[in-house]
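What follows is one structure encoded as structure tokens, with my remarks underneath.
Just so it is clear: chains get the letters A, B, ... in the order the sequence lines come, proteins before strands, and each one is counted from 1. Atoms considered below: every heavy atom in the structure, side chains included; atoms not considered: hydrogens, waters and symmetry mates.
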2 protein chains.
Amino acid sequence: MEKEHNLSKNQKIIFDIIDKSGGPMKAYSILFDVQKKGIKAPLQVYRALDKLVEIGKIHKIESRNAFIACQNSSCQISKATAFSICESCENVSEISNSKLSKYLSNFSDDSGMKYRKYNLEFFGLCKKCKSK
Amino acid sequence: MEKEHNLSKNQKIIFDIIDKSGGPMKAYSILFDVQKKGIKAPLQVYRALDKLVEIGKIHKIESRNAFIACQNSSCQISKATAFSICESCENVSEISNSKLSKYLSNFSDDSGMKYRKYNLEFFGLCKKCKSK
DNA sequence: TTATAAATGTTATATTATTACATAACGTTA
DNA sequence: TAACGTTATGTAATAATATAACATTTATAA
Ligand SMILES: [Zn+2]
Ligand SMILES: [Zn+2]
Ligand SMILES: [Zn+2]
Ligand SMILES: [Zn+2]
């Protein structure tokens, strides 16, 4: 059973706007959209984002400085994330491929490093953009 | 045979400082260090960084907004990068594991996406930090 | 040589993210 | 309930990262 996280007011507002958008959103674009709901300062947004990332409800797309709702209800620990990013239309989707995640979660080499977490970003052209 | 890239003056200065540092460097820390060599503006640094990334002499560590010299002389195209990052001492090293890179370069799924490039970042504790 | 592309210099500005400090709400348990 | 610790909020200021716009110079090559 997964742990239930009761989101606070700001966390809910910010999660909902990202989730509804269906794609990655940038912090200041979120800020702009939630001004009408009383969230006026960047820090309010960043604090909610930090928490949401921590509990796995959203992920940060590092190469884009953007945040996307988790599309994979089972990955609430956020320790194994993979995304595909279209370099043309900037569409992003979360890859949920159990072979891939097994392969990467079990990866180890002779560096002596203990791997705890990974983030993988694939870049290319999505179906639509390929056929243009 | 690999293509020879004749670095320009600024590109050489900036590559050398990153390469000598042996680890990831941030843009403004590079800027600070190269002021004595006449490079005074952020844009001069970012332009050199962009070029160096493009030709694969350095890579960007996305989760750290930092740049590291390529530790793998064969990856001058920069289309398949993997790093291990110690969350304690922030040591970064480039993973060069042919099985891993083959696996990821050949990865495909039913999304219809044509994957051209990837970047993978592993996080954990390095040997030294583990034993503390 | 002359054209073209690549690199540089400079100023200003945009974008992304954090520090610092004060206050309020919440959950636990004495 | 009262007291306590933890989490969340509000607000202002500022730090850190990155790009736009424009003028000029240098390298490459037809
Ligand atoms: Zn997820
Ligand atoms: Zn696309
Ligand atoms: Zn490399
Ligand atoms: Zn370490």
*Within residues 30-51 of chain B: residues closer than 4.0 Å to DNA chain D (heavy atoms)*: B/Leu43, B/Tyr46

*Which nucleotide of DNA chain D is the first, and which the last, in the 5' to 3' direction, to come under 4.0 Å of a heavy atom belonging to chain B?*
D/dT17 to D/dA21

Whole angstrom value for the distance that separates [atom2] of [N] from [atom1] of [X]:
X       : N      : atom1 : atom2 : answer
B/Asn65 : C/dA17 : CG    : C1'   : 10 Å
B/Gln11 : C/dA6  : CD    : P     : 12 Å
B/Ile13 : C/dA7  : CD1   : P     : 14 Å
B/Leu52 : C/dA7  : CG    : C1'   : 13 Å
A/Ile14 : C/dA17 : CD1   : P     : 14 Å

*Short N-O contact, B/Lys117 and A/Glu121, less than 4.0 angstrom*: no

*OH on A/Tyr103 to CZ on A/Phe107, rounded to 0.5 Å*: 6.5 Å

*B/Asn119 versus A/Phe122: any side-chain heavy-atom pair under 4.5 Å?*
no

*Is atom NZ of A/Lys130 surrounded by more than 12 heavy atoms (other residues, nucleotides or ligands) closer than 6.0 Å?*
yes

_Verify stack between A/Tyr28 ring and C/dT16 base, 5.5 Å, 30 degrees_ = yes

Could you report the tightest heavy-atom contact between [X] and [Y], atom names first, then the distance?
X       : Y       : answer
A/Gln71 : A/Glu94 : N-OE1, 2.8 Å
B/Lys12 : B/Leu7  : NZ-O, 2.9 Å
A/Ile14 : A/Ala48 : CD1-CB, 3.7 Å

*Distance-only polar pair, side chains of A/Asp109 and A/Ser111, donor-acceptor under 3.5 Å*: yes

